[in-house]
Amino acid sequence: MAFEYRDNDSPADVVWNTGSVTPEMRSRLKPHAGHCIWLTGLSGSGKSTLANALEVELNRRGCHTMLLDGDNIRHGLCRDLGMSQSDRSENIRRIGEVAHLFVESGLIVITAFISPFASDRQQARSLFRSGEFHEVFVDTPLGLCEKRDPKGLYRRARAGEIHDFTGIDSPYEPPMHPELTLLAEDSQQRHIEQLLALCLSAEAEIANEPEAGQAQ
Ligand SMILES: Nc1ncnc2c1ncn2[C@@H]1O[C@H](COP(=O)(O)OS(=O)(=O)O)[C@@H](OP(=O)(O)O)[C@H]1O
Ligand SMILES: Nc1ncnc2c1ncn2[C@@H]1O[C@H](COP(=O)(O)OP(=O)(O)O)[C@@H](O)[C@H]1O
């Protein structure tokens, strides 16, 4: 076990311990490399539905996955956080760290969070190695999300019962360069095909990375 002082914004006097088993060695035990599919979009855009359907398809193919979903995480790890800009940023910071840990353990991680701020998504991306982080914009327009309103939250936000609601009185910054954009006019089946293709291309990209790919 080796340790080092890291030159970043980590707490002072806290070392980083590097274990003997590397992410590559963990990955060799699985039929796939660990990577993260990061879904972002408005409430009601389809993140949870698509994340769940993608995980089902990957599980059928023998992939070891983990799904992190906004509503569920806010019942546990992030139950102390609200919907202010700083709380959302802290929410995404924690999710990014957790997703990174799961990826280092060799899993395919699917996250489904509004993650409305570009800088927070960029911060999450920066934790990962090249080819491991794939930002997917679930590009469903506000009008359609509001029409779907699966949880009745838009109606409550419009009635003034919920404040800081994304798209109503809290901003959403669309990704400028996502790895994939899912368009509302395409079917859910088409979206899943596109997501599966992205996972396959992630496999190829990681395998070609000298430091992150499968060991010889
Ligand atoms: N004010 C406000 N704005 C947006 N969403 C709200 C709000 N209050 C509660 N909810 C519910 O919380 C879910 C969003 O949580 P996230 O962790 O994904 O949000 S964020 O990424 O930190 O912005 C979100 O889930 P999804 O609908 O699945 O996106 C809502 O169910
Ligand atoms: N192409 C599609 N992709 C995803 N969801 C869709 C699609 N078409 C309709 N829906 C519906 O839209 C709603 C999306 O809700 P949800 O998945 O909870 O979104 P989010 O997690 O982004 O809040 C669901 O009721 C789902 O059945």
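Indexing begins at 1, ligand by ligand and atom by atom, following the structure's order. Worth saying up front: this structure is predicted, and the values here are computed from it rather than measured.
Counting atoms of ligand 2 from 1 in the listed order, those under 4.0 Å from a heavy atom of Leu42 are 22 (O). Taking every non-hydrogen atom of Ser43 and a distance limit under 4.0 Å, the qualifying atoms of ligand 2 come out as 23 (O).
For atom 2 (C) of ligand 2, the choice among Lys151, Lys47, Gln188 with the nearest heavy atom turns out to be Gln188. Comparing Leu50, Thr49, Thr166, Asp69 by heavy-atom distance to atom 26 (C) of ligand 2, the nearest is Thr49.
The protein heavy-atom contact nearest to atom 7 (C) of ligand 2 is Arg148 NH2, 3.3 Å. Protein heavy atom in closest approach to atom 5 (N) of ligand 2: Gly46 CA, 3.7 Å. Scanning the protein for heavy atoms near atom 25 (O) of ligand 2, the closest one is Pro150 CB, 4.0 Å. With hydrogens left out, the protein atom closest to atom 18 (O) of ligand 2 is Ser48 CB, 3.9 Å, a heavy atom.
For ligand 1, the protein residues within 4.0 angstrom (heavy atoms only) are Ser43, Gly44, Lys47, Ser48, Gly70, Asp71, Arg74, Met83, Arg88, Asn91, Ile92, Phe113, Ile114, Ser115, Pro116, Lys151, Leu153, Ile162, His163, Asp164, Phe165, Thr166.
Residues Phe133 and His35 keep their aromatic ring centres 6.0 Å or farther apart.
The line from CD of Glu132 to CZ of Arg125 is 12.0 Å long, rounded to the nearest 0.5 Å. Going from atom CD1 of Ile92 over to atom CD1 of Ile73 covers 10.0 Å, rounded to the nearest 0.5 Å. We find the CD-CD distance between Gln194 and Gln189 to be 11.0 Å, quoted to the nearest 0.5 Å.
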Please determine whether salt bridge (Lys or Arg N to Asp or Glu O under 4.0 Å) holds for the pair Arg129 and Glu24, giving the CA-CA distance in whole Å, both sets of side-chain angles, and the decisive distance to 0.1 Å.
CA-CA 12 Å; Arg129 294 178 295 188; Glu24 287 77 19; 2.6 Å; yes

Step-by-step salt bridge (Lys or Arg N to Asp or Glu O under 4.0 Å) determination, Glu97 to Arg94:
CA-CA 5 Å; Glu97 294 286 351; Arg94 291 182 199 174; over 6 Å; no

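Remark: distances from the non-hydrogen atoms of Ala112 to ligand 2 are all 4.0 Å or more. Gly44 counts as a contact of ligand 2, since one of its heavy atoms falls under 4.0 Å from the ligand.
Using a 3.5 Å distance cut-off with no hydrogens or angles, the side chains of Thr166 and Arg88 do pair a donor with an acceptor. Judged purely by distance below 3.5 Å, without hydrogens or angles, the side chains of Asp69 and Ser48 pair a donor atom with an acceptor atom. Using modelled atom types and a 3.5 Å distance limit, the side chains of Tyr154 and Ser43 yield no donor-acceptor pair.
Within a 6.0 Å sphere centred on CZ of Phe102, other residues, nucleotides and ligands contribute 12 heavy atoms or fewer.
Heavy-atom minimum distance, Ser45 versus Thr140: O-OG1, 2.9 Å.
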